[in-house]
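Working notes for the structure below.
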Amino acid sequence: MTSSASSAALMSHVDDSAFRALVEGSLQGILIHRDQKPLFLNEAWARIHGLSVDEVLQLSSVLDVIHPDDRERLLGYMQARFAGEPAPVHYEYRGIHKDGSTLWLENTVRQVDWGGTPAIQAVIIDVTQRKRAEQALRESEDRFRRGFEHGPIGLFLLDTTLRFIKANVAFCEMTGYTEEELQQLQIFDLTLLED
């Protein structure tokens, strides 16, 4: 028995209420749309955007809850998918919450048959907190790098063999070496024998 045949056999034993409970209980937002018009969604998809299911179903286009800077890209993916052309099935994009704030969403998409006509199924996860943490880490690393490189105190990093890996401008000025020259030396090369 093929995988799709066994899935079909399994699904024949699952009643509609069990399937609906599975979809409605999902933490992932699930949406089905055709020509950008929402046809079906679960509570999680609406909640992620700060909307009710009815508010989403009244949207003229799902593009209304996609950040303006990402709309053209996602519309291109949708059009390519319906034209049978290659399009990503997993990607991130920015959405818009009802309060106007920007969300980061991870999206998995596929074309499905809905009522005998092709439609798009999109499953989203809100990754806004992860994106904020990544941005905060990048900013922290940038601050550290700027402080290290341009600080008034001579700073350097050594590897486990005590060879210079990195040195800031102040340390290079103190020693008279360039950073590239220091990377050929160990700390002992700049230390008096008695020390």
Check whether [X] and [Y] end up in the same hydrophobic cluster, where Ile, Leu, Val, Met, Phe, Trp and Tyr are linked by side-chain heavy atoms less than 4.5 Å apart.
X	Y	result
Val62	Trp104	no
Val127	Ile30	no
Leu51	Val53	yes
Ile153	Phe148	yes
Leu74	Val89	no

Shortest non-hydrogen contact from [X] toward [Y]:
X	Y	result
Ile165	Gln183	O-NE2, 2.8 Å
Ala80	Ala87	CB-CB, 4.1 Å
Ala170	Pro152	CB-O, 3.8 Å
Cys172	Tyr177	CB-O, 3.1 Å
Trp45	Asn42	N-OD1, 3.0 Å
Ile187	Thr191	O-OG1, 2.8 Å

Taking side chain as C-beta onward, heavy atoms only, is [X] less than 4.5 Å from [Y]?
X	Y	result
Asp142	Arg145	yes
Pro68	Ile96	yes
Lys166	Glu179	yes
Leu75	Gln36	yes
Glu92	Arg130	yes
Val169	Glu149	no
Val109	Tyr77	no
Arg47	Asp126	no

Angle between ring planes, Phe171 versus Phe164, binned at 30° and 60°: parallel, tilted or perpendicular?
tilted

Is it true that the side chains of Asp99 and Ser101 contain a donor and an acceptor less than 3.5 Å apart?
yes

Polar side chain donor-acceptor pair, Arg138 to Gln135, under 3.5 angstrom
yes

Give, for atom [atom1] of [X] and atom [atom2] of [Y], the distance between the pair rounded to the nearest 0.5 Å.
X	Y	atom1	atom2	value
Asn168	Leu157	CG	CG	9.5 Å
Leu41	His33	CG	NE2	11.5 Å
Ile120	Arg34	CD1	CZ	10.5 Å
Leu39	Ile32	CG	CD1	7.5 Å
Ile48	Gln28	CD1	CD	8.5 Å
Leu182	Thr175	CG	OG1	4.5 Å

More than 12 heavy atoms of other residues, nucleotides or ligands under 6.0 Å from OH of Tyr93: is that the case?
yes

So does Glu72 have more than 12 non-hydrogen atoms from other groups sitting under 6.0 Å from CD?
no

Is a donor on one side and an acceptor on the other found under 3.5 Å between the side chain of [X] and the backbone of [Y]?
X	Y	answer
Arg110	Gln121	no
Lys37	Leu59	yes
Arg71	Leu63	yes

Here's a test for you: under side chain to side chain donor-acceptor pair (under 3.5 Å), which of Thr108, Asn107, Asp70 qualifies with Tyr91?
Asn107

List the steps and the verdict of side-chain hydrogen bond (donor to acceptor under 3.5 Å, both in side chains) for Ser52 and Asp54.
CA-CA 5 Å; Ser52 70; Asp54 288 339; 5.3 Å; no

I would like to know whether Leu185 and Leu190 meet side-chain contact (heavy atoms from CB on, under 4.5 Å); could you show each step before the answer?
CA-CA 8 Å; Leu185 303 173; Leu190 300 183; 4.2 Å; yes

